[in-house]
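Because the structure is a prediction, the values reported are computed rather than measured. Just so you know, these numbers use all the heavy atoms, side chains as well, and skip hydrogens, waters and symmetry mates.
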Amino acid sequence: MTVVDTHAHALPSWVQAAFLDWLDESGSTAEGPPGLWRSPAFDEPDRHVADAHRHGIDITVLTHSSNAVAALHSAAVRGARRRGAADTIAAVNDEMRTWATRTGGRLQAARWVDPRLAGSAEREIERAATDGGIPAISMNTAYADPSTGELRFLDDPAFEPVLAAAEASDVVVFVHPSAKFRLKVEPALPGPAEHLLTGTLSMLVESTVCISRLVLRGTLERHSALRTVFGQLGGVLPLALGRFDLIHQLIADSDGTAVRAFGALRHLRDYVGNVYADTHSADAAGLECALAELGEERVLFGSDFPVTPGVLGRAGALETLRKASLPAATLRAVESGNARSLLGLAGDLTGHDSPAYDNSPAYDEGPAA
């Protein structure tokens, strides 16, 4: 087993319990269909490892999904371990980092960071760089402003010190869509159709908007060593680079005075070196486009387990990847080599396998109802 899965999710049991209690009591669908979050694998490391073993995955990188803000808030205000926001974040991160030892290195958790809490964020970045775990943090593309409710993307000037700290500490930033960005389509679609639109298009556009804003505001120019990892091939970024080139030229040719007045109009393509992207939900055509536009060294395997059941996000995705007629060296890089190089991961951990993993029940049937 040599595959590294760079897109999987988990929470400590006390956080998961508080979040599910809130979902049940509130009836909220703000985080999507509640069934997405009910897999028992979320808070049970052994189940995570069992599913990974079943699909030939050596190491799983645990990051946080779009529900992270709501889940940690639930734990802070209603859980069995109520505490302030910064203390909740630290406790979650510390507990999840111990899962690497518990699983013989098979589960490697990035530390969650909320850039609205600058002091907490900078402490978590320092710990990510020095506590012996992978040098990685997990963030969302955008956060709601507490006073206005408006989304603030990562290019927000108030967040820049956090990104600067990550760059200075050589910490990789995993970025997941917040799923709070909505395409402004009226009238709204009914129920499941609106969730489908959010999951298929809004989240992809949200990631692309986040990357584009980081470029156009100059954040990536000022922090040229910052390394980011976006899910789902970086949204529509690989497909959109050519159009950005075209529109850039049109604007520069038609309104040179404005371009000069507002400074250099940056090329999105010049900053793809700051962006890695995972393969979650990609088909063969999407993979081919991402490899060509981003470079084969910046594409990583990702599954979205357990939100996406292993039979889809792992078995199906690996089958798609292996049938894509890629050169052997490219396939190895995407499945494992790129992630190991980016995160400084150890070699094949097959020797750590346990018979318990071989005999465990299947956990990839999908979220519990």
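- Between P40 and R47, the shortest heavy-atom contact is CG-NH1, 3.4 Å.
- Heavy atoms of other residues, nucleotides or ligands lying less than 6.0 angstrom from CD of E126 number 12 at most.
- Annotation: side chain of L11 is in contact with side chain of N67 (closest heavy-atom distance under 4.5 Å).
- The backbone N or O of G316 lies less than 3.5 Å from a partner atom in the side chain of T320, making a donor-acceptor pair.
- With hydrogens and angles ignored, the 3.5 Å screen pairs a side-chain donor or acceptor of N338 with a backbone N or O of A333.
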Point to revise | side-chain contact (heavy atoms from CB on, under 4.5 Å) between R78 and D21, intermediate numbers included | key: CA-CA 9 Å; R78 63 163 50 227; D21 284 347; 4.0 Å; yes
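- Side-chain N or O atoms of S341 include none that pairs as donor or acceptor with a backbone N or O of G337 at under 3.5 Å.
- Across V171 and A129, no two heavy atoms sit closer than the pair CG2-CB, 3.8 Å.
- Side-chain N/O atoms of R340 and S336 include a donor and acceptor closer than 3.5 Å.
- The side-chain heavy atoms of T141 and L154, taken from C-beta on, include no pair separated by under 4.5 Å.
- Here the CG atom belonging to D270 is positioned 8.0 Å from the NE2 atom belonging to H248, to the nearest 0.5 angstrom.
- For the 3.5 Å distance criterion, the side chains of E160 and H223 qualify, holding a donor opposite an acceptor.
- Looking only at distances, no side-chain donor or acceptor of S66 sits under 3.5 Å from a matching main-chain atom of P177.
- Linking ILVMFWY residues whenever their side-chain heavy atoms come closer than 4.5 Å, directly or via other members, places M96 and V69 in the same cluster.
- The closest donor-acceptor contact from the side chain of R106 to the backbone of D58 lies under 3.5 Å.
- A donor-acceptor contact shorter than 3.5 Å is absent between the side chain of N140 and the backbone of A142.
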Exercise for review: Check step by step if side-chain contact (heavy atoms from CB on, under 4.5 Å) holds for H64 and V92.
Suggested key: CA-CA 11 Å; H64 292 270; V92 167; 4.2 Å; yes
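- Atom CG of L233 and atom OG1 of T208 lie 10.0 Å apart (nearest 0.5 Å).
- L183 and L196 are not part of a single hydrophobic cluster, where members link through side-chain heavy atoms under 4.5 Å apart.
- Heavy atoms only, all atoms of each residue included: A10 and W99 are closest at CB-CZ3, 3.5 Å.
- Between T103 and Q108 there is no side-chain heavy-atom pair separated by less than 4.5 Å.
- R314 CZ to H280 NE2: the interatomic distance, rounded to the nearest 0.5 Å, is 11.5 Å.
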Point to revise | Step-by-step side-chain contact (heavy atoms from CB on, under 4.5 Å) determination, L342 to V229 | key: CA-CA 10 Å; L342 178 66; V229 181; 3.7 Å; yes
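- Counting only distance, with no hydrogens or angles, the side chain of R111 and the backbone of A136 share no donor-acceptor pair below 3.5 Å.
- A donor and an acceptor atom, one from each side chain of Y271 and E221, are located under 3.5 Å apart.
- Judged purely by distance below 3.5 Å, without hydrogens or angles, the side chains of E206 and S178 pair a donor atom with an acceptor atom.
- Criterion: ILVMFWY side-chain heavy atoms under 4.5 Å apart, direct or through other members. Under it, V205 and L189 are part of a common hydrophobic cluster.
- Atom CZ of R243 sits in a sparse spot, with 12 or fewer heavy atoms from other residues, nucleotides or ligands closer than 6.0 Å.
- Of all heavy-atom pairs spanning A8 and T60, the tightest one is CB-CG2, 3.4 Å.
- Ring geometry, W37 versus F19: the interplanar angle exceeds 60°, so the pair is classed perpendicular (tilted spans 30 to 60°).
- With a 4.5 Å cut-off on side-chain heavy atoms, R322 and E335 count as touching.
- Atoms CD and CG, on E293 and L268 in that order, are 10.5 Å from each other to the nearest 0.5 Å.
- V334 has its side chain out of reach of L300: every pair of non-hydrogen atoms, C-beta onward, lies at least 4.5 Å apart.
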Exercise for review: Apply the test side-chain hydrogen bond (donor to acceptor under 3.5 Å, both in side chains) to residues H53 and H55: give CA-CA distance (whole Å), side-chain angles for both, the deciding distance (0.1 Å), then the verdict.
Suggested key: CA-CA 5 Å; H53 183 84; H55 295 101; over 6 Å; no
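- In this structure a side-chain-to-backbone donor-acceptor pair under 3.5 Å is missing from T308 to F305.
- Using a distance-only test at 3.5 Å, with no hydrogens or angles considered, a donor-acceptor pair links the side chain of R298 to the main chain of L294.
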Practice item. Using the side-chain hydrogen bond (donor to acceptor under 3.5 Å, both in side chains) rule, take D304 and H7 through it: C-alpha gap first, then chi angles, then the decisive distance, then the call. Key: CA-CA 5 Å; D304 191 46; H7 185 156; 3.2 Å; yes
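- Around the NE2 atom of H73, the shell of radius 6.0 Å holds no more than 12 heavy atoms that belong to other residues, nucleotides or ligands.
- A165 and I125 get closest at one heavy-atom pair: O-CG2, 3.7 Å.
- Counting only N and O atoms by type, the side chains of D253 and Q249 include a donor and acceptor under 3.5 Å apart.
- Taking the ring centre of W14 as origin, the terminal cationic atom of R83 falls inside the region bounded by 6.0 Å and 45° from the ring axis.
- Using a 4.5 Å cut-off on side-chain heavy atoms (C-beta onward), F181 and C210 make no contact.
- Under the 6.0 Å distance and 45° angle rule, R269 does not count as a cation-pi partner of F244.
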Practice item. Take D5 and S303 through the side-chain hydrogen bond (donor to acceptor under 3.5 Å, both in side chains) test and state the conclusion after the steps. Key: CA-CA 6 Å; D5 184 349; S303 74; 2.4 Å; yes
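- A heavy-atom distance below 4.5 Å is not found between the side chains of T219 and F159.
- Tracing side-chain contacts under 4.5 Å through hydrophobic residues (I, L, V, M, F, W, Y), one never reaches M203 starting from F174; they form parts of separate clusters.
- In the hydrophobic cluster analysis, where Ile, Leu, Val, Met, Phe, Trp and Tyr join through side-chain heavy atoms closer than 4.5 angstrom, L204 is grouped apart from L151.
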Check your understanding: Can you check side-chain contact (heavy atoms from CB on, under 4.5 Å) on I89 and D87, steps first, answer last?
Key -> CA-CA 5 Å; I89 290 170; D87 288 341; over 6 Å; no
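- How far CZ of R116 is from CG of D156: 11.0 Å, rounded to the nearest 0.5 Å.
- F301 is not listed as a side-chain neighbour of D278, based on a closest heavy-atom distance of 4.5 Å or more.
- Put simply, NZ on K323 and CG on L287 are 14.0 Å apart, with the number rounded to the nearest 0.5 Å.
- Using a 4.0 Å cut-off between a side-chain N of Lys or Arg and a carboxylate O of Asp or Glu, D94 and R127 do not qualify as a salt bridge.
- Using the six-membered ring where Trp is involved, W112 and Y143 have ring planes that are tilted, between 30° and 60° apart.
- Between R152 and A158, the shortest heavy-atom distance links the atoms NH2-CB, 3.4 Å.
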